[in-house]
Amino acid sequence: MTEELLKKLRAAVPSAIILTSDDDCTNYGMDWTRTPGKAGVVVLPSSTQDVSVVLRFCNENKIAVIPSGGRTGLAGGVTATRGELAINMSRMNRLDPVDLLGRTVRVQAGVTTQSLHEHCERAGLTWPIDLASKGTSQIGGNLATNAGGVRVIRYGMARRWVSAIQAVLISGEVIELNQGLEKNNTGYDLLQLLIGSEGTLAIITEATLKLTVPPIHSHVFFFSLSHYKALENLYEKVRRGPFTLTSFEFFSDKCLQKVEAKLQKKSRLEKPSRFYALIDVETTSENAQSKVDGWLEDLMADEIVVDGLIADASESQKEVWALRESITESLQMSGAVRKYDLCVPVKKAADFLDEAQALFEKLNLPIELYVFGHFGDGSPHLNFLNAQNLPIEDFHREVNRYESELYPLLKAYSGSVSAEHGVGILKKNWVLFSRTPQELRLYKAVKQVFDPNGILNPGKIID
Ligand code: 2HG
Ligand code: ZN
């Protein structure tokens with residue numbers, strides 16, 4: 001941006017903070033994947049009014065804008081590839097009092113997921129979307145990407161838990177969608193259109209979120225298992241268990257080793273194996289415990305799992321959950337990572353994972369594969385590490401060799417190339433694996449209506 005435009009921008013939004021240092025522009029120009037990007041300038045608005053003025057200014061001057069929150073995304077969804085202006089919502093972090101009767105809360109987009117959880121917990125309620133990145137991720141980003149997380153089996157994705165959105169269009173116009181109503185069958189649902197649109201249509205500034213009651217008694221089971229089919233068998237058993245299922249997560253032994261090294265702590269399972277399942281369930285009645293015990297005895301007799309432990313106390317539950325939630329961070333510590341966020345029909349997940357593993361072994365590549373994720377949603381994460389420190393181009397070439405066989409396999413399983421992380425720039429070339437040409441045509445038409453100059457998060461999802 002020219003000095004003259006910058007001066008005009010400062011004058012137009014005196015209450016915004018404007019950053020221009022190299023460090024800030026780099027820091028705000030990238031997400032957790034560190035896909036190279038750098039913003040031209042970073043603006044931290046203090047209000048919806050500021051956002052409106054900035055967007056109108058950008059539209060009039062044809063300056064491209066990147067919406068930015070906690071930047072914990074994993075698809076390059078907020079990467080500034082062309083020196084765009086990054087508008088970061090962190091200062092807009094107001095939390096209104098919880099509406100106990102309506103079970104909702106109104107918040108600004110820059111509130112972190114964790115501070116929202118803590119706020120609602122004090123009122124005896126919860127926003128049930130739970131993510132490993134909750135300490136940093138922000139509500140605006142959670143909605144813009146329709147975040148998933150570790151409780152999708154029970155509560156679905158972020159879009160189920162919203163009853164109103166305030167957003168700003170690129171023209172600067174502020175729109176209010178759905179007024180917090182529980183029922184509103186009056187035409188197209190623009191609120192739902194904005195959710196998952198990755199900031200390409202408008203910038204979300206506030207939302208009214210739906211809340212629910214937290215679990216009464218929760219039990220966490222942690223099992224070791226020797227193969228993917230055993231995970232599937234275990235899932236069948238869990239589905240018939242005397243409880244309500246909240247999470248069914250899994251990870252490989254290689255993931256556990258990385259996490260143990262990072263946390264400097266060993267898992268308490270006596271008999272390790274190739275895979276681990278972390279299962280979180282809820283019971284409501286006092287006499288549920290004996291039924292759960294009976295179910296566990298039955299499970300052990302069936303020899304589906306190699307070993308197991310049960311965590312009922314909150315501290316030990318957190319300890320087990322830390323093993324799962326620290327995976328992304330511990331892999332990140334080992335240098336370059338390539339990520340695949342896939343979804344297949346859950347009844348085919350074990351077969352798919354067996355084939356994906358066999359493919360990896362057949363190709364015998366000088367890279368390492370780490371498998372983990374949301375087995376209960378049919379949604380594994382495959383991460384590749386550059387364990388042999390190959391020159392970075394060689395690492396990418398090796399991963400690409402795997403990818404070129406993985407994606408056709410995924411297609412044969414009717415899978416998705418992005419289960420929950422979105423498209424951003426990293427999955428853009430593969431959208432047609434999971435969407436039809438007709439859908440893409442409509443995407444482009446919608447984008448044209450919202451952003452005729454193509455300057456709002458340009459190059460994300462579609463070109
Ligand atoms: C998770 O499930 C996140 O922990 C991150 O979606 C997945 O790092 C990843 O690939
Ligand atoms: Zn995930």
Side-chain angles (χ1 to χ4, degrees), residues 30-35 69-78 113-114 128-138 141-142 144-159 196 198 231 246-252 254-256 258-259 262-263 275-280 318 320-344 346 349 352-353 356 360 367-386 399 402-403 406 410 415-424 426-427 430:
M30 290 193 269
D31 69 4
W32 267 9
T33 61
R34 311 311 285 167
T35 306
R71 308 182 305 290
T72 56
L74 295 169
V78 292
T113 317
Q114 187 160 330
I129 304 303
D130 192 12
L131 316 153
S133 60
K134 57 182 167 257
T136 315
S137 74
Q138 297 176 6
N142 289 173
T145 59
N146 185 28
V150 294
R151 296 182 187 155
V152 172
I153 306 179
R154 171 85 195 273
Y155 298 106
M157 311 268 280
R159 67 167 76 255
E198 302 186 34
L231 265 172
T246 307
S247 307
F248 192 112
E249 301 285 304
F250 83 110
F251 45 91
S252 69
K254 280 173 79 78
C255 293
L256 181 65
K258 282 276 178 203
V259 170
K262 176 178 178 277
L263 301 180
F275 302 106
Y276 298 89
L278 190 170
I279 297 153
D280 203 321
K318 277 190 197 144
V320 177
W321 265 111
L323 301 174
R324 166 65 183 90
E325 296 197 314
S326 309
I327 297 174
T328 298
E329 242 180 293
S330 37
L331 297 181
Q332 214 88 5
M333 285 164 61
S334 311
V337 191
R338 281 273 298 270
K339 291 179 178 293
Y340 293 86
D341 163 35
L342 313 173
C343 192
V344 294
V346 67
F352 172 76
L353 285 165
F360 183 69
I367 52 178
E368 276 184 357
L369 170 60
Y370 291 79
V371 187
F372 62 103
H374 320 283
F375 190 86
D377 306 324
S379 165
H381 296 298
L382 272 51
N383 278 214
F384 293 92
L385 290 193
N386 186 4
V399 181
Y402 182 74
E403 180 182 287
L406 173 73
L410 183 69
S416 170
V417 293
S418 184
E420 56 174 355
H421 296 167
V423 178
L426 295 179
K427 302 291 166 249
W430 299 101

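Order of appearance sets the numbers: ligands from 1, and atoms from 1 within every ligand.
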Looking only at heavy atoms, what is the nearest atom pair of Ile153 and Gly376, with distance? CD1-CA, 3.9 Å

Please say whether the positively charged group of Lys427, taken as NZ for Lys or CZ for Arg, lies over the ring of Tyr340, i.e. under 6.0 angstrom from the six-membered ring centre and within 45 degrees of the axis. yes

Walk me through it: do Ser334 and Lys258 pass the test side-chain hydrogen bond (donor to acceptor under 3.5 Å, both in side chains)? CA-CA 9 Å; Ser334 311; Lys258 282 276 178 203; 3.1 Å; yes

Write 'none' if nothing qualifies; otherwise put on separate lines each N/O atom of ligand 1 with a protein N/O atom under 3.5 Å away and their distance to 0.1 Å.
unit_1	atom_1	unit_2	atom_2	d
ligand 1	2 (O)	Arg324	NH2	2.7
ligand 1	2 (O)	His374	NE2	3.0
ligand 1	2 (O)	His381	NE2	3.0
ligand 1	4 (O)	Arg324	NH1	3.1
ligand 1	4 (O)	Arg324	NH2	3.4
ligand 1	6 (O)	His381	NE2	3.2
ligand 1	6 (O)	Glu420	OE2	3.1
ligand 1	6 (O)	His421	NE2	2.7
ligand 1	8 (O)	Thr328	OG1	2.7
ligand 1	8 (O)	Lys339	NZ	2.6
ligand 1	10 (O)	Lys339	NZ	3.4
ligand 1	10 (O)	Asn383	ND2	3.1

Exercise: identify the closest heavy-atom pair between Ala322 and Val259: O-CG1, 4.2 Å

Please verify the inter-ring angle class for Phe384 with Phe360; under 30° counts as parallel, over 60° as perpendicular, anything in between as tilted. tilted

For the Zn ion (ligand 2): protein N/O/S atoms at distances below 2.8 Å: 3

Glu329, CD: over 12 other non-hydrogen atoms inside 6.0 angstrom: no

Could you pull out the closest heavy-atom pair between Ile129 and Thr113, with the gap in Å? O-CG2, 4.0 Å

May I ask you to decide if the ring planes of Phe375 and Phe248 are parallel, tilted or perpendicular, using 30° and 60° as cut-offs? tilted

Closest heavy-atom contact between Arg151 and Ser247? CG-OG, 3.9 Å

